[in-house]
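Predicted model, so just to flag it, every value in this text is computed and none were measured.
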Amino acid sequence: MDGLGPDGVLRHDVPTHWVMRALLIGGGVVILALTGQELWRAVWPPNLFSLPFLAIIVGAALVGAPMIGAGLVAPSVGWRIVPGLVEITISSPFGRKTHRIAAHQVERFDIREDTGDGVSSFRVVMTIADGSRFPSRDFGSYKAADDLCQQMQAILHRKPR
């Protein structure tokens with residue numbers, strides 16, 4: 001569930017879906033396996049002409065290995081905001097960590113725009129007193145990010161019942 005629940009708790013998830021993990025790991029394995037399988041005869045036994053093919057294999061490893069790493073360790077982030085407290089849970093297949101941040105530790109909420117090559121996207125970034133930043137997921141419009149930001153601030157600074 002994402003959004004304000006009937007219990008007055010705001011939940012905001014930034015998931016890394018298992019399908020995305022599988023695609024990253026599978027893509028990395030395919031890149032490494034195909035280049036190794038198809039080009040190993042060009043580099044073994046070593047000779048002067050094997051250098052360009054060795055460069056291709058190294059280049060493929062520099063692409064495939066990070067893809068596998070991203071698939072293994074990319075975190076999923078879950079926000080839970082109640083009056084006076086923000087809980088941010090960062091989980092990956094290898095562990096889980098929860099940050100509990102009191103309202104007085106929150107320095108500010110900002111809306112950041114990513115103006116990549118295509119359409120701009122917006123995200124809410126919460127900055128706490130020690131300088132740590134926690135971004136939300138991307139939104140397609142400034143209004144959607146601003147609505148989430150306003151909701152977060154309203155619930156966080158509401159008096160607990």
Side-chain angles (χ1 to χ4, degrees), residues 1-35 56 58-161:
M1 181 174 106
D2 203 36
L4 186 60
D7 54 358
V9 176
L10 178 67
R11 290 175 179 82
H12 177 72
D13 294 321
V14 187
T16 300
H17 199 272
W18 69 267
V19 172
M20 178 58 74
R21 289 185 195 283
L23 288 173
L24 284 168
I25 293 169
V29 168
V30 165
I31 288 170
L32 292 176
L34 283 179
T35 54
I56 293 170
V58 169
L62 291 173
V63 172
M67 285 177 68
I68 293 169
L72 291 174
V73 299
S76 292
V77 180
W79 295 52
R80 185 176 175 272
I81 302 174
V82 297
L85 181 69
V86 177
E87 286 184 353
I88 299 176
T89 303
I90 302 171
S91 59
S92 74
F94 301 106
R96 165 175 270 174
K97 183 176 183 181
T98 300
H99 299 275
R100 288 180 176 79
I101 304 161
H104 70 276
Q105 294 175 301
V106 175
E107 217 172 75
R108 68 181 177 275
F109 286 93
D110 296 317
I111 298 176
R112 302 273 167 88
E113 180 179 8
D114 178 17
T115 58
D117 292 340
V119 178
S120 293
S121 63
F122 302 87
R123 67 176 56 191
V124 178
V125 178
M126 181 181 73
T127 306
I128 61 175
D130 70 0
S132 298
R133 292 188 173 104
F134 299 94
S136 71
R137 70 170 178 268
D138 288 343
F139 292 94
S141 70
Y142 181 88
K143 183 179 179 345
D146 188 48
D147 289 346
L148 177 67
C149 184
Q150 298 299 325
Q151 236 179 355
M152 285 178 168
Q153 289 177 348
I155 293 171
L156 182 61
H157 297 298
R158 185 184 309 153
K159 298 289 182 202
R161 295 179 189 191

What are the two closest non-hydrogen atoms of [X] and [Y], and how far apart are they?
| X | Y | value |
| --- | --- | --- |
| A145 | F122 | CB-CB, 3.8 Å |
| T115 | S120 | CG2-OG, 3.7 Å |
| H12 | S136 | NE2-CB, 3.2 Å |
| L32 | A60 | CD2-O, 4.0 Å |

For the atom pair [atom1] ([X]) and [atom2] ([Y]), what is the distance rounded to the nearest 0.5 Å?
| X | Y | atom1 | atom2 | answer |
| --- | --- | --- | --- | --- |
| Q151 | D146 | CD | CG | 11.0 Å |
| H104 | I128 | NE2 | CD1 | 10.5 Å |
| C149 | F139 | SG | CZ | 10.0 Å |
| D13 | W79 | CG | CH2 | 11.5 Å |
| L156 | L10 | CG | CG | 10.0 Å |

Pairing donors with acceptors under 3.5 angstrom, does anything connect the side chains of E107 and T127?
no
Test salt bridge (charged side-chain N to carboxylate O under 4.0 Å, His left out) applied to R133 - qualifying residues, sequence neighbours left out
none
Residues which pass salt bridge (charged side-chain N to carboxylate O under 4.0 Å, His left out) with K143, listed by chain and number, not counting sequence neighbours
D147
Under 3.5 Å, side chain of [X] to main-chain N/O of [Y], donor-acceptor pair present?
| X | Y | result |
| --- | --- | --- |
| R11 | G78 | no |
| S76 | T16 | yes |
| D110 | R112 | no |
| R137 | V77 | no |

Are side-chain heavy atoms of M126 and I101 found at a separation under 4.5 Å?
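Yes, side chains in contact.
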Exercise answer: donor-acceptor pairs, residues 81-99 side-chain atoms, under 3.5 Å, sequence neighbours excluded:
from	atom 1	to	atom 2	distance (Å)
E87	OE2	R100	NE	3.3
T89	OG1	T98	OG1	3.4
S92	OG	F94	N	3.3

